[in-house]
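Counting starts at 1 for both ligands and their atoms, following the listed order. For clarity, every value in this text was computed on a predicted model and none was experimentally measured.
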Amino acid sequence: MNFEKSNALRARLHRLIPGGAHTYAKGDDQYPQDMAPIIARGQGCRVWDIDGNEFIEYGSGLRAVTLGHAYPPVIEAARRQLELGSNFVRPAMIELECAESFLEFVPNADMVKFCKDGSDAVSGALKLARAYTGRDMVAICGNHPFFSVDDWSMGVSGMPGGVPAVTRALTLKFNYNDLQSLENLFNEHAGRIAAVVLEGEKETQPALGFFDGLRALCDRYGAVFILDEMITGFRWHMGGAQMRHGIKPDLSTFGKALANGFSVSALAGKRELMQLGGFDHDRERVFLLSTTHGGETHGLAAAIATMQVYRDEPVIDALWQRGQRLADGLHAAATSTGVADYVPILGQPCCLVFGSRDLQGEPSQPFRTLLMQEIIRRGILATSLVVNYSHSEADIDHTIEAFAEAFVVYRALDEGIDKYLCGRPVKPAIRPFA
Ligand SMILES: Cc1ncc(COP(=O)(O)O)c(C=O)c1O
């Protein structure tokens with residue numbers, strides 16, 4: 001496989017775009033050296049790069065593309081809407097239609113406001129919670145890496161540069177499945193925590209009673225419960241993790257899969273909170289997600305079309321089944337090559353990731369790089385194993401075969417990785433220094 005054209009553009013990308021990509025997770029530091037393709041086009045679960053290489057892709061659009069690239073009913077709907085104009089001086093009818101369609105999926109919510117990025121939706125939720133409670137602090141789940149590009153979240157991340165210390169001090173961390181750690185925060189900062197923010201589920205499943213307990217703690221201590229459904233929404237269930245696990249948040253935030261890669265995110269929740277962003281009340285108003293592009297019509301048309309596909313077809317079942325087939329096949333291949341302990345396949349079937357461990361069993365970026373190097377050579381572009389609706393069983397089986405061959409190389413780890421790894425290792429996307 002040849003990456004000549006992609007590699008030739010690398011310096012130009014970095015000269016014009018900080019990090020060489022508009023999202024750090026897409027950066028070439030996330031890929032083996034000189035094997036970071038620049039994409040020309042995508043169709044279904046496949047992408048083609050500017051050198052003409054073809055890949056089966058996983059985690060498409062940073063998990064936003066759940067149906068597949070250029071999915072016909074979605075792009076048709078967006079195309080039809082483009083002919084009608086994309087942004088007006090007053091709301092377009094489609095803003096109401098999209099709100100009605102969305103709220104059918106999320107019965108816990110009475111109102112919704114659309115925006116373009118997930119970060120804005122989660123930050124908007126926190127702003128509402130602060131206004132509603134009159135408190136400043138927020139308790140976030142420390143096991144969940146990312147909620148927003150904004151200061152309240154990045155200030156306590158692995159890349160806090162540029163965030164004032166005073167803002168960092170307002171964000172506290174508790175542990176997933178550990179109600180005591182949350183209650184301790186409520187006691188240590190009595191009357192100061194406006195909101196509790198977490199995802200429904202990542203690699204670890206919620207313990208029995210965890211979310212009921214969390215709901216009860218929020219009620220007891222007067223905090224708003226915000227569930228971030230950016231990844232779980234339209235993947236775990238059409239209505240997200242809250243519908244799969246019976247979670248009862250006050251506010252929840254969606255994005256990514258909502259419009260199959262078009263830029264639409266949503267803040268949804270109880271009227272009592274959401275209406276602070278309107279003017280049917282006597283309290284001080286909240287400037288809630290009022291953006292120039294929030295009502296962009298072709299994005300909303302794509303969202304409506306995407307939701308319709310979810311209504312008409314067994315998308316969720318397919319995501320879980322294909323993921324299960326992938327997990328089973330990879331596990332069998334890893335076991336038969338003797339790397340099952342080194343390459344764990346983690347997470348729910350609809351949202352799998354792979355681990356990479358060294359001989360000592362420690363997480364290893366060099367071994368992650370080696371594995372990626374070997375699967376990219378075999379036509380698989382995967383920083384995760386997150387499936388979409390366009391992965392056929394044959395695509396899954398092909399992926400398993402490619403990994404099985406890569407595992408044979410991985411198995412040779414006792415000979416020393418330098419013998420096989422062709423360049424520098426990858427690094428975590430969120431890190432404080434280069
Ligand atoms: C759980 C979670 N919340 C929020 C966000 C932010 O979404 P966006 O990148 O659309 O701003 C992300 C993005 O990856 C995410 O994974």
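Between the side chains of Asp328 and Gln324, a donor-acceptor pair is found at a separation under 3.5 Å.
In summary, Arg322 and Asp395 do not engage in a salt bridge, as defined by a charged side-chain N under 4.0 Å from a carboxylate O. Ion pairing between a basic and an acidic side chain is recognised when a charged N comes within 4.0 Å of a carboxylate O; Glu374 and Arg378 show such pairing.
Within 4.0 Å of ligand 1, protein heavy atoms belong to Asp117, Gly118, Ser119, Phe146, Phe147, Glu199, Asp228, Met230, Ile231, Lys256, listed by chain and number.
Residues forming a side-chain contact (heavy atoms from CB on, under 4.5 Å) with Gln373 (at least two apart in sequence, or on another chain): Pro32, Met35, Leu370, Arg377, Leu421, Cys422. Looking at residues two or more places apart in sequence or on another chain, you find a ring-ring contact (aromatic ring centres under 6.0 Å, His included) between Phe105 and Phe234.
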Please tabulate, one pair per line, all N/O donor-acceptor pairs under 3.5 Å involving side-chain atoms of residues 294-305, not counting sequence neighbours.
| residue | atom | partner | partner atom | Å |
| --- | --- | --- | --- | --- |
| Glu296 | OE1 | Lys116 | NZ | 3.0 |
| Thr297 | OG1 | Gln81 | NE2 | 3.3 |
| Thr297 | OG1 | Gly85 | O | 2.8 |
| Thr297 | OG1 | Ser86 | O | 3.4 |

